[in-house]
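Lettering follows sequence order; numbering is per chain, from 1. Since this is a predicted model, take the numbers as computed values, not measurements.
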Amino acid sequence: MDNKEYAEILEEIATLQRVVGDNFFKVRAFSRAARLIENFAEPIDDLVDQRRLHEIDGIGESIEEELQALRITGASPRHEELLDRIGRDVMDLWHIPGLGIKRIQTLYQELGIASIPSLKQAALDGRLATLSGFGGGVQDKLLLEIEGWERGRGRRFPLPEAKGLAESIRFELLNLPEVARCEVGGSIRRGKETIGDIDLLVTTDAARTVSDYFKSLPDVTEIIFDGDTRASVRVTNEIQCDLRVIDTHLFGAGLHYFTGNKDHHIQMRIRSKKMGLKISEKGVMHYDDPTETIVGPMDTEEQVFNAVGLPYIAPEIRMGKDEIKAGEDGTLPDLVYPHHVQGDVHLSSTISGGRDALPDLIQALQKRGYKWCVVTEKTKTLHAKGIDDRGLKEHIERVKKLNAMIDGFTVLSGVECEITFDGMLDIDLRLAAECDWVLAGVTTDTDVDADTMTQRLMWGMETGVVSCLAHPTGRHLGVHDGYKMYFEEVVQCANDFGVALEISGDPQRLDLNAQMAGRAKHLGAMLVCGSAATSVESLDHIEYALQQARRAWMEPKDLLNCVSAEELISRTRTLIR
DNA sequence: GCCGTTTTCGGCCCGACTGTTTTCAGTCG
């Protein structure tokens, strides 16, 4: 079982426990454990086998037992018992906004409602309005929400898509003279790979004007709620967008608050409380101070963290896991940022179907302060206008000439090729060996069993000419998960043959993701970010990859992007050197 | 259910908005 599957079962246990009225804190413990496990870099299977689960802060005796049972028998007694009692459909009720613990309990206890269809029928019959706490207004609102759910509302969006939309709304808000600052917060800022809603933070001294403007934006289809300091709307594609308006001098406190995540805030607030302090979007203040005076300036997030005795903690690692302890101990990582990057290992030009010509790409990279790049033109399997063996030979020559003309920047010759069904490459191996860098991946015939795919990837790497495994899991964000394979074996083989693993910034992929990258790092793999750019504009996509790397607590020393061109070459493909 | 530099028992984050039980519970982020 993979970590995600363990997490899903724990979350289901939490949800079912809510319905039967279990202690709120017990429910929260299961829910938190689920999130911890989902984001854990090592396979839970291994931790169970090594009896190391208790090393995770937040997992105690009871949850460890459930996980052990899941590992050994494939089922959790608690989960099974709850499912027998109230059934699976009840969990859908949690997807209906407006329904929480109390109302779901009332529905279940008073009317025996434990599924969305029965809820809808009761609303249509007018039976809901008879329950205490459910006036006619609630009934009508629930009916609308049910219809929204039936239309597929509530789905999660790939990060790049949601980020694009968020930036466009941010841009519109910045048009308003009353808006002093506007930032995107929430899971987009943390770089979570799928996004449930968009959070925007605005500082202004004219809250009402800004809020009214926000609600009147052309894309807005529905106003969910509307208050003095916050408003929430739905935009065209059904994604929810929340606006929080805050006083200009509380920008740092507001941004911290609106970035999350929830577990991070709970940990921060528990810590503050122990220090006699209270932390919220209104800043940090003494716990029992009726005047609510902030203890210092709150213009920046750094000031907020400092006010509770912590150094700045980057958004990407705010998960309520180990970051606060690391802050206390002074062991926070020095995370990798764009200015650390010396080169990109994955980009192609008009030569193999890209949009921009090689000289333009190189000029753009130099402008960024990069010192080198690998030009990985695509083969014919990857693009209809891709290169064949002859094209690759010409490419290698072209790069040599180009290099002679440029000062202070190294262009490396590369190719992006396919590991074919029989574990070979779709280019001549001797030519591949002549390239500085060979990026190889799998894009065809992916619907095979794990043994077959693992073998294919390993055979590909065993040719000895591969420098890097491209988008190693083969997933397409929001479309399909990666192919089946044994990741540990693939990483081991990569290590043996000096093959790096790519963290692809391709907006369709983000592959490896943060958890897998963390796992690969733990297994001793070499990692490198690639923009997969085919144009000057898409060179920016490397930031998506770097953000996933930061979520995996990676520092410059963990990524080959931060070494020199010479070191990049000498550390990879060790077999043929 | 989990946890411990005041605690192995007794706590467990904070504030805004909505609708209804006209003084606050329920939900949300």
Side-chain angles (χ1 to χ4, degrees), chain A residues 10 13-14 17-18 22-34 36 53-67 78 93-107 128-142 145 154 185-187 189-190 195-201 207 211 223-233 240-246 250 253-254 256-285 287 292 308-309 320 324-325 328:
Chain A
L10 289 179
I13 292 175
Q17 283 176 333
R18 280 190 189 109
D22 264 332
N23 177 292
F24 168 75
F25 297 103
K26 181 170 154 187
V27 171
R28 197 165 79 180
F30 273 89
S31 189
R32 172 157 192 253
L36 287 169
L53 271 174
H54 58 272
E55 287 177 16
I56 304 179
D57 206 20
I59 292 183
E61 218 172 305
S62 298
I63 294 178
E64 180 164 17
E65 254 174 52
E66 294 303 324
L67 294 172
R78 191 185 301 254
L93 293 177
W94 245 274
H95 295 126
I96 306 296
L99 286 185
I101 298 173
K102 296 288 177 186
R103 285 180 181 156
I104 288 178
Q105 277 175 10
T106 306
L107 288 169
L128 293 190
T130 65
L131 296 171
S132 90
F134 287 76
V138 172
Q139 177 170 272
D140 294 346
K141 197 163 165 263
L142 284 176
E145 293 291 354
S187 44
R189 182 156 182 256
R190 298 198 312 275
I195 304 298
D197 58 16
I198 293 173
D199 297 306
L200 288 159
L201 175 78
S211 173
I223 295 166
I224 300 168
F225 66 77
D226 170 23
D228 289 337
T229 60
R230 52 197 305 178
S232 186
V233 302
Q240 184 174 325
C241 184
D242 299 334
L243 178 79
R244 172 88 204 194
V245 182
I246 206 148
L250 289 173
H256 175 251
Y257 164 78
F258 228 28
T259 296
N261 75 356
K262 193 171 162 183
D263 290 327
H264 171 79
H265 281 310
I266 292 174
Q267 302 301 315
M268 284 290 285
R269 285 161 178 177
I270 289 172
R271 179 192 159 79
S272 304
K273 206 169 180 176
K274 281 183 192 155
M275 299 171 71
L277 297 168
K278 189 163 72 166
I279 176 170
S280 73
E281 67 271 35
K282 293 175 162 180
V284 180
M285 54 194 75
Y287 209 84
E292 300 201 322
V308 296
I324 293 170
K325 199 167 275 175
E328 289 169 357

query: Counting N and O atoms only, with roles assigned by atom type, does the side chain of A/H256 sit under 3.5 Å from a partner on the main chain of A/E281, one being a donor and the other an acceptor?
result: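 Not confirmed, A/H256 side chain does not pair with A/E281 backbone.
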- prompt: Which base sits across from B/dT8 as a Watson-Crick or G-U pair, both distances under 3.5 Å?
  reply: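 Because no pair has both required distances under 3.5 Å, B/dT8 counts as unpaired.
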field: DNA chain B: 5'-most and 3'-most nucleotides touching chain A, 4.0 angstrom heavy-atom criterion
entry: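 So the outermost contacting nucleotides come out as B/dG1 to B/dG29.
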Nearest-nucleotide 5' precedence on DNA chain B, A/K262 against A/G135: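 Nearest nucleotide further toward 5': that of A/K262.
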field: Given DNA chain B, 5'-ward residue of the pair A/K26 and A/F134, judged by closest heavy atom
entry: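 Whichever sits nearer the 5' end wins; that is A/K26.
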Assign [X] to base, sugar-phosphate, or nothing according to its heavy-atom contacts below 4.0 angstrom with the strands shown.
| X | value |
| --- | --- |
| A/F30 | sugar-phosphate |
| A/R103 | sugar-phosphate |
| A/D22 | nothing |
| A/G196 | nothing |
| A/G260 | nothing |
| A/R271 | nothing |
| A/E281 | sugar-phosphate |
| A/Q240 | sugar-phosphate |
| A/K273 | sugar-phosphate |
| A/F25 | base |

- prompt: Would one find more than 12 heavy atoms of other residues, nucleotides or ligands at under 6.0 Å from atom CD of A/E61?
  reply: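 At most 12 heavy atoms, drawn from other residues, nucleotides or ligands, come within 6.0 Å of this atom.
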Taking atom [atom1] in both [N] and [M], what distance in whole Å separates the two?
| N | M | atom1 | value |
| --- | --- | --- | --- |
| B/dG11 | B/dT6 | C1' | 13 Å |
| B/dT20 | B/dC28 | P | 16 Å |
| B/dG19 | B/dG4 | P | 42 Å |
| B/dC13 | B/dC2 | P | 16 Å |
| B/dT21 | B/dC17 | P | 22 Å |

message: Can you confirm if the NZ or CZ of A/R230 lies within 45° of the ring axis of A/F225 and under 6.0 Å from the centre of its six-membered ring?
response: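 Not flagged: A/R230 not positioned over aromatic ring of A/F225.
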- prompt: Between A/K325 and A/D57, is there a salt bridge with N-O shorter than 4.0 Å?
  reply: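 A salt bridge is present here (some side-chain N lies under 4.0 Å from a carboxylate O).
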message: What I want to find out is whether A/R78 reaches A/E65 closely enough, with some N-O distance under 4.0 Å, to be called a salt bridge.
response: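 A salt bridge is absent here (no side-chain N lies under 4.0 Å from a carboxylate O).
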Minimum-distance pair of heavy atoms, taken over all atoms of A/T259 and A/R190: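 That would be O-NH1, 2.7 Å.
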task: Give the minimum heavy-atom separation between A/N261 and A/G320, together with the two atoms involved.
output: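 So the two residues come closest at OD1-N, 3.9 Å.
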With A/D22 via side chain to side chain contact (heavy atoms under 4.5 Å, CB included) - residues at least two apart: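 By the side chain to side chain contact (heavy atoms under 4.5 Å, CB included) rule, A/D22 matches A/Q17, A/V20, A/K26, A/V27.
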